[in-house]
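As structure tokens, the structure follows; a few thoughts come after it.
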Amino acid sequence: MSSNIFSQYLQKENIFKNKNCLTASFVPGKIRHREQEIQQLSAVLAPVLKGYYPNNVFIYGTCGTGKTISARFVASQLMSISSENKQKIKIIYVNCKMKKIADTEYRIVAQLLKELGEHVPDTGLPTNVLYRKFFERVEKIGCTVIIMLDEIDTLIKKVGDEFLYNFTRINQEMKNSHITIVGITNDLTLRNNFDLRVKSSLSEEEILFKPYNATQLKDILMERVSQGFMPNTVDDTALNKCAALAAQEHGDARRALDLLRVAGEMAERMAVMVVTENHVDMAEQKIDIDRVTETIKAQPMQSQAVLYSIIKVAEKLKSQKTWTDKRIFTGDVFENYISICEKNGIKPLTQRRVSDLIGELDMLSIIAAKVISKGRGGRTREIILMITGNILERVTGFLIDRFEE
DNA sequence: AGTCCACAGGAAGGGCAGGCGA
DNA sequence: TCGCCTGCCCTTCCTGTGGACT
């Protein structure tokens, strides 16, 4: 018998067959309940195979409705048939939500260039130089380049829609190549907010992804279970629970998969060979806690200090009797933030900047901040902490470690 | 109807780290 | 090496504003 501390892990019976199948990034051989949408998208892109330029296309749909996976599936199918026919097509996928990678105009063009095999510095070059390099590169390749921009709404909210115009405009100047944009977004109203100039130059097609219902979600899960888990290791009640919980959250398949995978991990850790409803309940809690704490840990220190200040103000106000006295306003948060900075020897930011940080925390759904008027009391933001219970406890613990010695 | 509060949030510019070309 | 450029984060300055109060 080996005495290696990991040998026990290796000897344990396995509940998973292939855990990768249970992640949202896994692209299965067949996408269930999205046949129509896939058909629509491939119809838009298919002309490229006959040497025509495909239209730009925007894919709309809420979180976890299969937009990304369908787009990637179509991309992989397109790539394989085009290589069979020896046609040159290049498809680049970029997630615009990736912080420090694709969240500004400069970074998105830099990322596209990297995908085309050209190294560019993180800073220092004028953006127009980057554009030029990109178009030269595309022209040199001499083919249709399909750019898939996932979560494009995040980028547009941050830097505007001008960059879309730049991409489309350049098509008029290229002789050998063409750029087609596939925008993927959770924001169903995105198109209405486009600049008129962008709207007309894009002249894009639209595909809408509707949320899955519980039956469809269960179907999807069953398929993944057969690929990802060993036989007879997932109880039917567990599957139903995953599907039901995810259906409640606007038919989010990603959520359903996460629940199932984490429930499996829970069972494995407890050395149980069957995943049950209880494991799903535990998984639900764990996912929420992990998601929020990871987000907060990834924030810059000043942002964490602002959040800590909000939590402390909320705690102080807890003892107030009336509901109106329990409300949190920017002024209180800033005052408290200053004292946290003083205690920790941090140089405090200005109220203007803190106001922006509050806005960013709002974007992350950690707080909800609404601009209100208190009449003579002035205009301010009313802030509500959106995290509660175990999650709040965990987050507070982390922030206390950080800001109280 | 006018005043006034406490900010929101836009605009401009400074400082910094980093790249480019001469 | 140096001057000049960039993006990013931040400050400073400023105007705008909803609604309670006078």
Side-chain angles (χ1 to χ4, degrees), chain A residues 94 96-114 116-137 149 154-167 193 195 295-296 298-310 313-314 316-317 322-342 344-364 366-385:
Chain A
V94 178
C96 304
K97 218 176 182 175
M98 297 276 276
K99 268 212 156 188
K100 309 275 178 194
I101 291 176
D103 58 347
T104 66
E105 188 175 10
Y106 183 95
R107 285 170 180 165
I108 194 101
V109 186
Q111 184 62 22
L112 291 174
L113 270 163
K114 277 176 200 163
L116 292 177
E118 185 147 338
H119 177 76
V120 281
D122 292 340
T123 169
L125 289 180
T127 313
N128 61 339
V129 171
L130 239 59
Y131 272 112
R132 207 188 58 225
K133 272 175 181 271
F134 177 70
F135 296 130
E136 279 169 8
R137 184 85 193 184
L149 298 173
T154 331
L155 185 60
I156 290 175
K157 265 174 211 146
K158 202 169 165 195
V159 305
D161 51 14
E162 180 84 15
F163 74 98
L164 283 174
Y165 179 70
N166 290 339
F167 280 123
N193 305 328
D195 188 288
T295 311
I296 290 167
Q299 293 309 302
M301 190 249 290
Q302 294 284 8
S303 200
Q304 291 174 353
V306 172
L307 177 61
Y308 187 46
S309 164
I310 293 171
V313 172
K316 259 186 229 165
L317 296 181
T322 64
W323 174 77
T324 44
D325 291 336
K326 287 187 183 182
R327 296 191 298 170
I328 309 168
F329 302 114
T330 304
D332 311 326
V333 172
F334 184 65
E335 205 178 300
N336 213 285
Y337 160 80
I338 295 287
S339 73
I340 291 171
C341 287
E342 273 169 8
N344 288 275
I346 303 166
K347 186 168 171 275
L349 301 174
T350 56
Q351 180 151 344
R352 177 70 187 83
R353 181 68 188 135
V354 168
S355 171
D356 279 345
L357 293 181
I358 290 174
E360 283 171 29
L361 289 171
D362 179 42
M363 288 266 281
L364 293 169
I366 295 167
I367 60 168
K370 192 173 72 181
V371 179
I372 59 147
S373 174
K374 295 193 285 177
R376 270 230 157 140
R379 246 160 67 94
T380 179
R381 272 204 189 100
E382 185 185 334
I383 299 163
I384 299 167
L385 250 182

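Lettering of chains follows the sequences in order, A, B, ..., and the numbering in each one begins at 1.
At B/dA8, one or more side-chain N or O atoms of A/Ser355 fall inside 4.0 Å of OP1 or OP2 (strictly under the cut-off). At the phosphate of B/dA8, OP1 or OP2 sits under 4.0 Å from a side-chain N or O atom of A/Thr330.
Shortest non-hydrogen contact noted between A/Ala369 and A/Ile358 is CB-CG2, 4.1 Å. Residues A/Phe134 and A/Val109 share a closest heavy-atom pair of CB-CG1, 4.1 Å. When all heavy atoms of A/Ile367 and A/Asp362 are compared, the pair lying nearest together is O-OD1, 3.2 Å.
The side chain of A/Arg352 lies closest to B/dG10 when the candidates are B/dG10, C/dT17, C/dC9. The side chain of A/Arg379 sits closest to B/dC7 out of C/dT11, C/dG7, B/dC7. Closest to the side chain of A/Gln351, from the set B/dA8, B/dC7, C/dC21, is B/dC7. Of the candidates C/dG7, C/dT11, B/dG9, the closest approach to any side-chain atom of A/Thr127 belongs to C/dG7. The side chain of A/Val371 lies closest to B/dG9 when the candidates are C/dT12, C/dT22, B/dG9.
The distance from atom NZ of A/Lys374 to atom P of C/dG18 is 17 Å, rounded to the nearest whole Å. Between the P atom of C/dG19 and the CD1 atom of A/Ile372 lies a distance of 10 Å, rounded to the nearest Å. Rounded to an integer number of Å, the gap from CZ of A/Arg353 to P of B/dG10 is 14 Å. With rounding to whole Å, A/Asp356 atom CG is found 9 Å from B/dG10 atom P. Atom-to-atom, NZ of A/Lys133 to C1' of C/dT6 comes out at 14 Å; the value is rounded to the nearest Å. Residue A/Arg132 contributes atom CZ, which lies 13 Å from atom P of C/dT6 at whole-angstrom precision. A/Glu360 has its CD atom 13 Å from the P atom of B/dG9, to the nearest Å. Atom pair A/Leu130:CG and B/dG18:P shows a separation of 18 Å (rounding to whole Å applied).
If you check distances only, the side chain of A/Arg376 does reach the base of B/dT3 with a donor-acceptor pair under 3.5 Å.
Two residues, A/Ser373 and A/Leu357, neighbour DNA chain C, and the one matched to the more 5' nucleotide by heavy-atom proximity is A/Leu357. Comparing A/Arg381 and A/Gly377 along DNA chain B, the residue whose closest nucleotide (by nearest heavy atom) sits nearer the 5' end is A/Gly377.
Here CZ of A/Phe135 is found 10.5 Å from CG of A/Leu130. Values are rounded to the nearest 0.5 Å.
The only member of A/Arg327, A/Lys370, A/Lys374 that meets side-chain hydrogen bond (donor to acceptor under 3.5 Å, both in side chains) when paired with A/Glu382 is A/Arg327.
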